[in-house]
Amino acid sequence: MAALLGIAALTQAFSGTDSSTLPHSASTTTSLTKDTAGGAVSISPSTSSVSAPTSTSPPAPTSSIDYPVSISDDAQGVLRVSGYGPKEFRVNRDLALYRTIIYRNEDNTSGLTIELHDSEDVPLLVLGHAQSPWSIQGVRDVREQVQDVVTIAVDASNGWIIEFLPEAFLWDKEIRQGNTPKAGDFSVLSSDGITFVGTDTDNDQASGLGDLLIYNACQGCSQVPSTVWTLRFDPRCDDTPKALIKKIGEAFFQREIRPLKSDSGGQELQVTLEDSDWLQILTSCEWSAAPRTA
């Protein structure tokens, strides 16, 4: 029990939840009216016009429907923001209260990028990827990067959702659902939650889609030896996944490792992690991850 409480405390910076239903509707063009008190966001309809050739017909104006941004807090402390198409808005929340962001778009017909800006309109954090064979989704550690965020700019052409998650949310969710780690298990975090994976069998691996996080501390281990993590990416993955490591005491993920092509035609990455290292993988692709003792 003490070991379980210890790993819970160490991993409580990360959290996750099931995605909400995204709006399904046509692509939009929008213009923004800044927020009002109390966190409401007002989006004003915009119109666009198509200029005719210089000869005969006059310009024929067209208009697009504007879909508002939805912002809500749930009883478990999750801040959920959803919308459709490109948006720029204020959230009017203290984002320093949140430790993790999970994001996703509706399907693979559009890329999704999310920029979190400060009061000078400087991007502090950029999430997401260009269009890929899969929908864009992932989980990111944002504890050091969101306290000065004032506005959020989303570039997408379909439905999207962003969830700001409080400490321990994802861990507590897994425990509530009866998904508890076995002795020796490590934690792999994705937009689907936490997968607990060990080193005892060749088939023991986590799998998922999009950005992920690995915490190299195992349940019930007094000291974690060096662990080699092997990550394999779907052969359809045509971008280059990025791997960043953060050690204890470091505020940001800093050391970058580049993947190599695997024999299967996809990309493969092997990373050696020490006790309590964090590994962040930025990718739009499907992946699998498996640990082995070095």
Side-chain angles (χ1 to χ4, degrees), residues 17 19-50 61-74 77-132 135-166 191 210-211 282 284:
T17 187
S19 61
S20 300
T21 302
L22 295 171
H24 293 263
S25 44
S27 177
T28 63
T29 304
T30 61
S31 62
L32 174 69
T33 301
K34 293 299 184 181
D35 55 290
T36 59
V41 174
S42 173
I43 308 288
S44 61
S46 64
T47 58
S48 60
S49 61
V50 178
T62 62
S63 62
S64 58
I65 301 173
D66 181 50
Y67 298 92
V69 173
S70 171
I71 301 178
S72 63
D73 302 272
D74 71 13
V78 175
L79 173 62
R80 185 171 289 108
V81 185
S82 62
Y84 193 101
K87 300 290 181 184
E88 185 172 352
F89 56 92
R90 289 176 178 255
V91 177
N92 275 357
R93 303 290 197 283
D94 181 5
L95 297 185
L97 299 174
Y98 304 97
R99 294 293 177 262
T100 311
I101 289 178
I102 284 180
Y103 64 91
R104 68 181 74 236
N105 68 347
E106 194 171 56
D107 53 45
N108 66 346
T109 62
S110 169
L112 172 65
T113 57
I114 303 162
E115 293 187 355
L116 285 73
H117 293 199
D118 65 12
S119 59
E120 302 297 324
D121 207 29
V122 175
L124 301 177
L125 181 66
V126 179
L127 314 172
H129 304 273
Q131 187 171 341
S132 81
S135 61
I136 303 299
Q137 57 188 272
V139 59
R140 295 287 293 272
D141 171 20
V142 296
R143 69 177 69 203
E144 305 292 341
Q145 298 166 284
V146 295
Q147 59 185 8
D148 296 321
V149 170
V150 174
T151 61
I152 297 176
V154 177
D155 186 12
S157 62
N158 60 11
W160 49 265
I161 185 168
I162 311 167
E163 293 177 326
F164 294 84
L165 310 167
S191 56
D211 298 343
L282 304 181
S284 63

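All values below come from the heavy atoms of this structure, side chains included, with hydrogens, waters and symmetry mates left out.
Side chain of Trp160 to backbone of Glu106: no donor-acceptor contact under 3.5 angstrom is found. Side chain of Asn105 to backbone of Ile136: a donor-acceptor contact under 3.5 angstrom is found. At distances below 3.5 Å, not a single donor-acceptor pair connects side-chain atoms of Arg140 with backbone N or O atoms of Leu127.
Using a 4.5 Å cut-off on side-chain heavy atoms (C-beta onward), Glu120 and Asp148 make no contact. Counting heavy atoms from C-beta on, the side chains of Pro166 and Val78 come closer than 4.5 Å.
Between the CG atom in Asn158 and the CD atom in Gln131 there is a gap of 9.0 Å [rounded to 0.5 Å]. Taking CG from Leu124 and CD1 from Ile152, the interatomic distance works out to 11.0 Å, rounded to the nearest 0.5 Å. To the nearest 0.5 Å, atom CG of residue Leu125 and atom CG of residue Asp118 are 12.0 Å apart. Distance CG/Leu165 to OH/Tyr98: 9.5 Å, rounded to 0.5 Å. The line from CD of Glu163 to OG1 of Thr100 is 11.5 Å long, rounded to the nearest 0.5 Å. With rounding to the nearest 0.5 angstrom, the CG atom of Leu112 is 10.5 Å from the OG atom of Ser132.
The minimum heavy-atom distance linking His129 with Leu282 is given by the pair CE1-C, 4.0 Å. In plain terms, the two heavy atoms of Val126 and Pro123 that are nearest each other are CG2-CB, 4.4 Å. Taking each heavy atom of Ala153 and His117 in turn, the nearest pair found is CB-NE2, 4.4 Å. In terms of heavy atoms, Gln147 sits closest to Ala96 at CB-CB, 3.7 Å.
Just one of Arg90, Arg80, Arg93 meets the side chain to side chain contact (heavy atoms under 4.5 Å, CB included) condition when paired with Ile71; it is Arg93.
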Worked check of side-chain contact (heavy atoms from CB on, under 4.5 Å) between Ile101 and Leu116: CA-CA 11 Å; Ile101 289 178; Leu116 285 73; 4.1 Å; yes
